[in-house]
There are 2 protein chains.
Amino acid sequence: MAKMSLPDVLYALSDPLRLKIVRQLADEGEMSCGTFDVRIPKSSLSHHFKVLRDAGVIATRGEGVRRMNSLRRAELDAAFPGLLEAVLHAPLPRERRRLAG
Amino acid sequence: MAKMSLPDVLYALSDPLRLKIVRQLADEGEMSCGTFDVRIPKSSLSHHFKVLRDAGVIATRGEGVRRMNSLRRAELDAAFPGLLEAVLHAPLPRERRRLAG
DNA sequence: GTAATTGTTCGACTCTTTTCGAACAATGAC
DNA sequence: GTCATTGTTCGAAAAGAGTCGAACAATTAC
């Protein structure tokens with residue numbers, strides 16, 4: 001992960017599903033691929049992880065039979081100060097959530 | 001421009017050329033389409049303006065025979081606090097500049 | 001009216017991205 | 001060794017985005 005490029009990072013974050021993944025990582029810390037709250041085939045999910053990894057947004061390490069993913073907060077903050085925070089605090093497009101009442 | 005969506009905005013900003021347009025607008029204020037420092041056919045340029053407009057990143061108003069473009073700073077800041085500033089202050093990927101030698 | 005200027009739209013083409021099942025690899029349990 | 005679990009990679013299909021010339025629209029000047 002020598003160079004992170006702003007367009008690549010923005011692109012990686014421009015997909016609603018990937019954004020959701022990033023936010024869950026921000027909330028939960030390290031998570032294995034299978035524990036995300038998304039319902040898509042694992043090959044599709046794996047693709048999105050690859051996009052995020054290639055952009056430098058997440059890091060993955062093997063732990064036994066599973067891959068633990070984490071946000072590369074420090075690197076992102078260093079390269080693009082304020083960006084991750086802005087993205088994490090922004091209202092999600094249409095989070096499928098029912099308002100009470 | 002009812003709702004701006006974060007993925008749409010991030011996507012619009014994820015292209016190096018569009019990023020360059022946005023930065024020139026940030027520096028210069030209002031600019032007509034023909035005054036940007038980019039060398040591509042006008043139909044291609046028009047396409048990128050449309051992407052930025054549709055995402056809510058820029059606004060365009062007609063003034064005589066030309067279209068004046070401006071950054072929708074206030075709206076962007078309101079919808080996604082800190083995002084535009086982070087993007088504008090981030091180092092640009094690799095400005096196509098020839099190294100001597 | 002004609003002509004010049006500024007941008008958009010159209011249409012076709014190319015390239016990239018996304019999707020998803022199937023096959024594969026790596027680990028752990030047995 | 002076999003078997004189950006977790007994820008990646010492969011391959012092909014579908015969808016999407018970018019490029020660019022040509023045609024078109026809108027304005028201004030004449």
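Below, read A as the first sequence line, B as the second, and so on, with proteins coming before strands; counting in each chain starts at 1. Quick caveat: nothing in here was measured; it's all calculated off a predicted structure.
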Report summary line: Here the distance between atom C1' of D:dT19 and atom CG of B:Asp15, to the nearest Å, is 12 Å
Query raised in the report: To the nearest 0.5 Å, what is the distance between NE2 (A:His48) and SG (A:Cys33)?
Result: 12.5 Å
Report task. Specify the separation, in whole Å, of atom CD of B:Glu30 and atom P of C:dG7. Result -> 12 Å
Requested in this report: Please state how far atom CZ in A:Phe36 lies from atom P in D:dT6, giving the value in whole angstrom units.
Outcome: 14 Å
Report task. Please name all residues satisfying salt bridge (charged side-chain N to carboxylate O under 4.0 Å, His left out) with B:Lys50, sequence neighbours left out, ordered by chain then number. Result -> B:Asp54
Query - nucleotides 20-30 of chain D: protein proximity per nucleotide (B base, S sugar-phosphate only, - neither; heavy atom, under 4.0 Å) - result: BBB---BBS--
**Report entry** Whole-Å distance separating the CZ atom of A:Arg39 from the P atom of C:dC20
**Finding:** 14 Å
Query raised in the report: What's in the same ILVMFWY side-chain cluster as B:Tyr11, cut-off under 4.5 Å, chained through other members?
Result: A:Tyr11
**Report entry** All pairs passing side-chain hydrogen bond (donor to acceptor under 3.5 Å, both in side chains) where residues 26-35 of chain A contributes a residue, at least two apart
**Finding:** A:Glu30-A:Arg61
Query raised in the report: Separation of A:Leu10 atom CG from C:dT17 atom P, in whole Å?
Result: 15 Å
Query - With sequence neighbours excluded, residues passing side chain to side chain donor-acceptor pair (under 3.5 Å) with B:Asp8 - result: B:Ser5
Query raised in the report: If only side-chain N and O atoms of A:Arg18 are considered, is one of them under 4.0 Å from the OP1 or OP2 phosphate oxygen of C:dT18?
Result: yes
Report task. Sort and list the pairs that fulfil ring pair (Phe, Tyr, Trp, His ring centres under 6.0 Å) and have at least one residue in residues 55-77 of chain B, not counting sequence neighbours. Result -> none
Query raised in the report: How sharply is the helix from C:dG1-D:dC30 to C:dC30-D:dG1 bent, taking the axes over five pairs at either end and rounding to 10 degrees?
Result: 20°
Query - Residue pairs passing the ring pair (Phe, Tyr, Trp, His ring centres under 6.0 Å) test where at least one lies in residues 60-85 of chain B, sequence neighbours excluded - result: none
Query - Whole angstrom value for the distance that separates C1' of C:dT19 from NE2 of A:His48 - result: 8 Å
Requested in this report: Please determine, for the side chain of A:Val51, which listed nucleotide (D:dG18, C:dG7, C:dT18) has the closest atom?
Outcome: C:dT18
Report task. Kindly point out which of D:dT8, C:dG7, D:dT6 is positioned nearest to the side chain of A:Arg66? Result -> D:dT6
Query raised in the report: Does A:Tyr11 put a side-chain nitrogen or oxygen below 4.0 Å from OP1 or OP2 of C:dT18?
Result: yes
Query raised in the report: Any chance CD of B:Glu85 has more than 12 other-residue heavy atoms, nucleotides or ligands included, within less than 6.0 Å?
Result: no
**Report entry** Side-chain N or O of A:Arg53 closer than 4.0 Å to phosphate OP1/OP2 of D:dT8
**Finding:** yes
Query raised in the report: Can you name the residues that form a ring pair (Phe, Tyr, Trp, His ring centres under 6.0 Å) with B:Phe49, not counting sequence neighbours?
Result: B:Phe36
Query - Nucleotide C:dC20, atom C1' - distance to CG of A:Leu17 in whole Å - result: 14 Å
